[in-house]
There are 2 protein chains.
Amino acid sequence: MADTSHRPENRYGNRPTMKDVAARAGVGLKTVSRVVNGEPGVTPDTERRVQESIDALGFRRNDSARVLRKGRTASIGLVLEDLADPFYGPLNRAVEEVARAHGALLINGSSAEDPEREQELVLALCARRVDGLIVIPAGDDHRYLEPEIKAGVATVFVDRPAGRIDADVILSDSFGGARSGAAHLIAHGHRRIGFVGDQPRIHTAIERLRGYRTAMADAGLAIHDDWVALGTTAPDRVRDAVAGMLAGPEPVTAILTGNNRVTVTAVRVLAAYHHPVALVGFDDIELADLLEPGVTVIAQDAATLGRTAAERLFQRLDGAADAPSRVVLPTRLIARGSGEIPPSAER
Amino acid sequence: MADTSHRPENRYGNRPTMKDVAARAGVGLKTVSRVVNGEPGVTPDTERRVQESIDALGFRRNDSARVLRKGRTASIGLVLEDLADPFYGPLNRAVEEVARAHGALLINGSSAEDPEREQELVLALCARRVDGLIVIPAGDDHRYLEPEIKAGVATVFVDRPAGRIDADVILSDSFGGARSGAAHLIAHGHRRIGFVGDQPRIHTAIERLRGYRTAMADAGLAIHDDWVALGTTAPDRVRDAVAGMLAGPEPVTAILTGNNRVTVTAVRVLAAYHHPVALVGFDDIELADLLEPGVTVIAQDAATLGRTAAERLFQRLDGAADAPSRVVLPTRLIARGSGEIPPSAER
DNA sequence: CTGAAAGCGCTAACAA
DNA sequence: TTGTTAGCGCTTTCAG
């Protein structure tokens, strides 16, 4: 145990404070503060002496104290569903880049699609006094955020709208995207089309289902009960859902999947199936173009979703006080083969 | 503009403090603190009155102030290369889960493979007084961290070792993995094998190259200069590198790629090539099993990497003072077809 | 069981 | 140009 410490013990291990630096440099506390923060009004000579003390002591400003005094933490929180889901990677990164451009750090966490965990996380972030919050909601009731928002925590929702409160939101056009996906399959001759989506609690799941229903109705096609399956994205659940649609009395000839997790599993199931079945997936997935057939998808732009949300957040932080807005980004259908497979001959 | 505020203005928008709660409940400040923190020694009746005030005022404890006083922030920092890279998603998530289990929040950021940005981020995290740091290094000199570590910031490196300082590190067996990948190709009859890797500044790139060289040497095979290409993972660079190896005077019949980003581009190039070329990729990639041929990979377990690192970090935070350790996790070769393609007939 | 006082490390406001 | 004083909102200490 080396005994080099001649500095007073303090709670951060053994960190020098501005006071220590000031003492060593033989100047006042405020002078150190000025040097550390690059404020004007310090002789080059004094500055040099202070800087020397800083280096010698290994001083690093304690931002916790600074935050307490200044009232802004220069950090924002991002709550998403799953940090490991590739869909959220680009979104996360885009938010980070905007935050960085504004000198803010990013604190983030996964709700794991659990409303309670979402709330717990969000409130923990509020206790840390993040300046703003970007939330991909898991729950559908965000009234718990009202006092926070009233207290000045800027909040933007992405990917799904807030529940029961009025707030900024950035969405992809789930309804339109799903509708065009289903219409695409119909245009290629399909009449019996299945929809495998996410849990009905999730807004996008419902919207995509609605898009599918609308396209079917527009084409005058009835939907058999067995053709719609909402639920978790667990591979087993998806596997069963797809198998069910393929095996029933009115087997589908095409499937529309509700998100990237579902698509990946559906691709696996269909690859092993004895008959060609058409597939359109919501969300683009890596390597989709190289599969045989390529996977036709309705792509959303996750990075733009994140960037737009973060920019909106910083507008709010910079004082924008207009009414909450709702931005809906378009989706894009990318035909790669799987969505253009014609209905297979009757069994 | 509603004028409901009869509370004193303070800097966080308009947030009530413990003092406000105390005043309203007609109790002392410390009593509020006790209730908020669930400390014993408060009459049920008093507690009820305080709780009522808390709810009415929408009070939320200011953790910044708490942190200043207590010295621990209950947050850890994670610096990785790119939040959008699917390889880091599971790692990130695993770290988050461990942090959560320990009641800590996760602050994270991307170094974008830029040593300066890494340092900037790390020091910003230190200024926030994160309790600990998990770093996937971009740079190769971490002496800038010495004062921080000495001051008590626990630090664990993952995926790549620290440069010029002694610290805990969790790695995958890059050397062994690459060696087995190359040996696998050799066992399948290849003699001219190329290696396309990441930038030579990156430790794993060098280790994997070394694994490749060792396997070749073990088999008594010479390596032509054109067969090794290190550089960025930009698709264009990889495309050119692969094309070069395929076109030279001594064209390769098989390729070993150095990470997931490189593999994805190599798969694209080879899919468009007129000749079958064998491929083994470092890192598993989603849907690799469904391509034709399936992509043979050397898989590392990113989640375990992250979990192990986080657990080590919390051991340190809980006082573990043993010498820095180095953990090397095994990799696993998954044969799916592309690595078992025999050398193609001479042109 | 309860509360008053001191102080965490910093910055704002003012004085010298 | 420099330093002093008074907090930021909380927890710790110690006295009622």
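Every heavy atom of this structure was used, including side-chain atoms; hydrogens, water molecules and symmetry mates were not. All chains are named by letter (A, B, ...) in the order of the sequence lines, taking the proteins before the strands, and each is independently numbered beginning at 1.
If you take CG of A:Leu68 and P of C:dA12, they are 12 Å apart, rounded to a whole angstrom. B:Lys19 has its NZ atom 13 Å from the P atom of C:dA5, to the nearest Å. Taking atom CG on A:Leu57 and atom C1' on C:dG9, their separation rounds to 15 Å, with Å as the unit. The distance between atom CZ of A:Arg48 and atom P of D:dT2, rounded to the nearest whole Å, is 12 Å. Distance, B:Arg128 CZ to C:dC8 C1': 18 Å, rounded to whole Å. Atom pair A:Asp45:CG and D:dT1:P shows a separation of 13 Å (rounding to whole Å applied). A straight line from CG of B:Asn62 to C1' of D:dT11 spans 13 Å, rounded to a whole angstrom. B:Arg15 has its CZ atom 10 Å from the P atom of D:dC10, to the nearest Å.
A distance of 9.5 Å separates OG1 of B:Thr17 from CG of B:Asn62, quoted to the nearest 0.5 Å.
Checking B:Thr46 against B:Arg49 by side-chain atom types alone, no donor-acceptor pair falls below 3.5 Å. Under 3.5 Å, the side chains of B:Arg312 and B:Ser325 contain a donor-acceptor pair of N or O atoms.
Between A:Arg129 and A:Glu148 there is no salt bridge, since no side-chain nitrogen of the basic residue lies less than 4.0 Å from a carboxylate oxygen of the acidic one. B:Arg24 has a carboxylate O that lies under 4.0 Å from a charged side-chain N of B:Glu52, or vice versa, which qualifies the two as a salt bridge.
For A:Arg69 against D:dG7, a side-chain N or O and a base N or O form a donor-acceptor pair under 3.5 Å. The base of C:dG9 is not paired with the side chain of A:Arg66 by any donor and acceptor separated by under 3.5 Å.
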Check: protein-nucleotides 2-4 of chain C nitrogen or oxygen pairs below 3.5 Å:
| residue | atom | partner | partner atom | Å |
| --- | --- | --- | --- | --- |
| C:dT2 | OP1 | B:Thr43 | OG1 | 2.7 |
| C:dT2 | OP1 | B:Thr46 | OG1 | 2.7 |
| C:dT2 | OP2 | B:Thr43 | N | 2.8 |
| C:dT2 | OP2 | B:Thr43 | OG1 | 3.2 |
| C:dG3 | OP1 | B:Gly28 | N | 3.3 |
| C:dG3 | OP2 | B:Gly28 | N | 2.8 |
| C:dG3 | OP2 | B:Thr31 | OG1 | 2.4 |
| C:dG3 | N7 | B:Arg34 | NH1 | 3.4 |
| C:dG3 | O6 | B:Arg34 | NH2 | 2.7 |

Cut-off 3.5 Å, no hydrogens considered: what does the side-chain donor-acceptor table look like for residues 135-142 of chain B, sequence neighbours left out?
| residue | atom | partner | partner atom | Å |
| --- | --- | --- | --- | --- |
| B:Asp141 | OD1 | B:Arg143 | N | 3.1 |
| B:Asp141 | OD1 | B:Arg143 | NE | 3.0 |
| B:Asp141 | OD2 | B:Arg143 | NE | 3.3 |
| B:Asp141 | OD2 | B:Arg143 | NH2 | 2.6 |
| B:His142 | ND1 | B:Gly163 | N | 2.8 |
| B:His142 | NE2 | B:Glu118 | OE2 | 3.0 |

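The list of salt bridge (charged side-chain N to carboxylate O under 4.0 Å, His left out) pairs with a residue in residues 97-108 of chain B, not counting sequence neighbours, reads A:Arg117-B:Glu97, A:Glu120-B:Arg100, B:Arg93-B:Glu97.
Contacts of A:Asn37 with the nucleic acid, taken as non-hydrogen atoms under 4.0 Å apart, involve only primed sugar atoms and P, OP1 or OP2.
In this structure, the nucleotide among C:dC10, D:dG9, D:dC10 sitting nearest to the side chain of B:Arg61 is D:dC10.
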